J.: 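Before I ask anything, let me first share the structure, which is written out below as structure tokens.
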There are 2 protein chains.
Amino acid sequence: MQFSSKLAIATHILLVIAEFSEKEKVTSDVIAGSTNVNPVIIRNMLLKLQDAKIIQTKAGVGGSELTKPLNKITMRDIFYAVEEDKDLFKFHANPNEDCPVGRNIHKLLDKRFDNAKEVMFDELSKITLDQLKFELDKLIKK
Amino acid sequence: MQFSSKLAIATHILLVIAEFSEKEKVTSDVIAGSTNVNPVIIRNMLLKLQDAKIIQTKAGVGGSELTKPLNKITMRDIFYAVEEDKDLFKFHANPNEDCPVGRNIHKLLDKRFDNAKEVMFDELSKITLDQLKFELDKLIKK
DNA sequence: ATAGTTGTAATAAGACAAATTACAACAAAC
DNA sequence: GTTTGTTGTAATTTGTCTTATTACAACTAT
């Protein structure tokens, strides 16, 4: 199992906005063209990124812009903007309460799963859009 | 998105074996009863745990036993025994190669995604069955 | 008013998890 | 050597979630 592509797509969206929104109008169709993802999916993500106060998009007119400096936007922020905050690992639904293991498995694993999730997101929180754009610009200039 | 319940189920399986296999024959039906998971699912997992050399099960006779000391089995081992080693985060399939962002998004995120995955599994590798059984036995005695 | 865009609902297609049914292969016990 | 209980394995089904798609109302500058 793995996460959906929402984080990669949302990051792509924000990089396109960061790179081009000062010169051109970055519409959902422009982004759809760059990502090769359906425009409706893009628009739904733009809505979520708006809810998270990461971008602002102009209904009617069209075009999106960042509302924060690039170094204040982390990949953890982006993740939580577009994905649900579910537990990382699922449990089986109905372990047998009459078995000592079944009765305690949830308690045993819960905090350990949470901890594994936390260190991963801590790692994502260290990555800012700033860093990504800096590295991207270097790659483009070559 | 989240992982399947395979890790939780496999850990449950191994704890049942660790707890009871010295006294009783732990068959797939016994485990199915404790987990409330279909016996065929359990048997498939037992096969994978055998492939990973974590347990041994007796075809025909029935019953499974651990082949390693409890402190040599980590939750990372268990995960890789029963789940595929996929990337943690997916990418969108066909970013536009004519766009500077689309052309570089994969390169930008790949190592960062891998790193986030790595720290999570490092955390899982610190959890041994030993620790889980110790904590379980404390809970049972209460 | 028009044109281009966003916001939103509804539906469909594809992938995958988990359950289920069925049965062959196997090994001990009688 | 047949019976019994179990594992190994295939095939099918159900449900859930992701992504794509169609369609259109709402919005805003020109």
Side-chain angles (χ1 to χ4, degrees), chain A residues 1-10 12-13 16-17 20-21 24-33 35-52 55-65 79 82-96, chain B residues 1-10 12-13 16-17 21 24-33 35-52 55-65 79 82-95:
Chain A
M1 267 292 302
Q2 55 190 169
F3 284 100
S4 77
S5 55
K6 284 177 191 166
L7 178 56
I9 295 172
H12 187 146
I13 290 174
V16 169
I17 295 173
F20 303 117
S21 70
E24 327 167 21
K25 188 167 70 169
V26 178
T27 67
S28 61
D29 268 9
V30 167
I31 300 169
T35 53
N36 247 313
V37 169
N38 190 282
V40 176
I41 306 287
I42 298 298
R43 290 205 284 273
N44 282 326
M45 285 198 177
L46 290 176
L47 284 170
K48 287 180 179 174
L49 290 168
Q50 286 179 69
D51 288 343
I55 64 166
Q56 204 171 8
T57 110
K58 292 174 193 131
V61 196
S64 295
E65 285 177 359
F79 180 93
V82 295
E83 291 257 21
E84 299 280 306
D85 184 15
K86 291 181 181 172
D87 285 336
L88 184 54
F89 297 96
K90 274 205 299 191
F91 278 91
H92 37 313
N94 298 306
N96 187 344
Chain B
M1 267 290 304
Q2 56 190 165
F3 284 100
S4 76
S5 56
K6 284 178 190 164
L7 177 56
I9 295 171
H12 188 148
I13 290 174
V16 170
I17 295 173
S21 70
E24 327 167 19
K25 188 167 70 169
V26 178
T27 66
S28 61
D29 268 9
V30 168
I31 299 170
T35 54
N36 249 312
V37 169
N38 191 281
V40 176
I41 306 288
I42 299 298
R43 290 206 283 275
N44 282 326
M45 285 198 178
L46 290 175
L47 284 170
K48 287 180 178 173
L49 291 168
Q50 285 179 71
D51 289 344
I55 64 166
Q56 203 172 9
T57 110
K58 291 170 192 135
V61 196
S64 296
E65 284 176 0
F79 180 92
V82 295
E83 290 257 23
E84 298 280 308
D85 185 14
K86 291 182 181 172
D87 286 336
L88 184 55
F89 297 96
K90 276 206 300 191
F91 278 91
H92 38 312
N94 297 307

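From a predicted model like this one, the values you see are computed outputs, not experimental measurements. Just so it is clear: chains get the letters A, B, ... in the order the sequence lines come, proteins before strands, and each one is counted from 1.
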J.: Return the minimal non-hydrogen interatomic distance between B/Glu65 and B/Ile17, and the atom names on each side.
T.: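 Answer, listing the atom of B/Glu65 first, then B/Ile17: CA-CG2, 3.8 Å.
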J.: Quickly work out the A/Lys86 NZ to D/dT16 P distance and round it to whole Å.
T.: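 So the two atoms are 12 Å apart, to the nearest Å.
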J.: Whole-Å distance between D/dT7 P and B/Ile13 CD1?
T.: 12 Å
J.: List the atom of A/Pro95, the atom of B/His12, and the distance in Å for their closest heavy-atom pair.
T.: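 Shortest heavy-atom separation between A/Pro95 and B/His12 comes out as CB-CE1, 4.1 Å.
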J.: Round to a whole Å and report the spacing from CE of A/Met45 to P of D/dT18.
T.: 10 Å
J.: Starting at CD1 of A/Ile41 and ending at P of D/dC17, how long is that distance when rounded to a whole Å?
T.: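 It is 16 Å, rounded to the nearest whole Å.
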J.: Send over the distance from B/Phe91 CZ to D/dT18 C1', rounded to a whole Å.
T.: 17 Å
J.: Hey, could you give me the CD/OG distance between A/Glu84 and A/Ser4, rounded to the nearest 0.5 Å?
T.: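 The distance works out to 10.5 Å.
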J.: Does the side chain of A/Ile55 come within less than 4.5 Å of A/Ile13's, by heavy atoms?
T.: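 Sidechains of A/Ile55 and A/Ile13: no contact.
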J.: Specify whether B/Phe79 and A/Phe89 have parallel, tilted or perpendicular ring planes, treating 30° as the upper limit for parallel and 60° as the lower limit for perpendicular.
T.: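 Plane angle over 60°, so perpendicular.
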J.: Kindly point out which of D/dA20, C/dA17, D/dT18 is positioned nearest to the side chain of A/Ser4?
T.: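 Out of D/dA20, C/dA17, D/dT18, the nucleotide with an atom closest to A/Ser4's side chain is D/dT18.
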J.: Between the protein and nucleotides 1-10 of chain C, which nitrogen or oxygen pairs come in under 3.5 angstrom?
T.:
unit_1	atom_1	unit_2	atom_2	d
C/dG4	N2	A/Gly60	O	2.7
C/dT6	OP1	A/Ser28	N	3.1
C/dT6	OP1	A/Gly63	N	3.4
C/dT6	OP2	A/Ser28	N	3.3
C/dT6	OP2	A/Ser28	OG	2.5
C/dG7	OP1	A/Gln50	NE2	3.2
C/dG7	N7	A/Arg43	NE	3.0
C/dG7	O6	A/Arg43	NH2	3.0

J.: May I ask you to verify if any side-chain N or O of A/Ser5 is less than 4.0 angstrom from the OP1 or OP2 atom of D/dT19?
T.: yes
J.: Just how far, in rounded Å, is P of D/dA20 from NZ of B/Lys90?
T.: 10 Å
J.: Out of curiosity, B/Ser28 OG to B/Asn38 CG, how far, rounded to the nearest 0.5 Å?
T.: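 Taking OG in B/Ser28 and CG in B/Asn38, the distance rounds to 9.5 Å.
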J.: From CZ of B/Phe89 over to C1' of D/dT18, roughly how many Å is that when rounded to an integer?
T.: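 Going from CZ in B/Phe89 over to C1' in D/dT18 covers 16 Å.
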J.: Quick check on C/dT20: is either OP1 or OP2 less than 4.0 Å from any side-chain nitrogen or oxygen of B/Asn38?
T.: yes
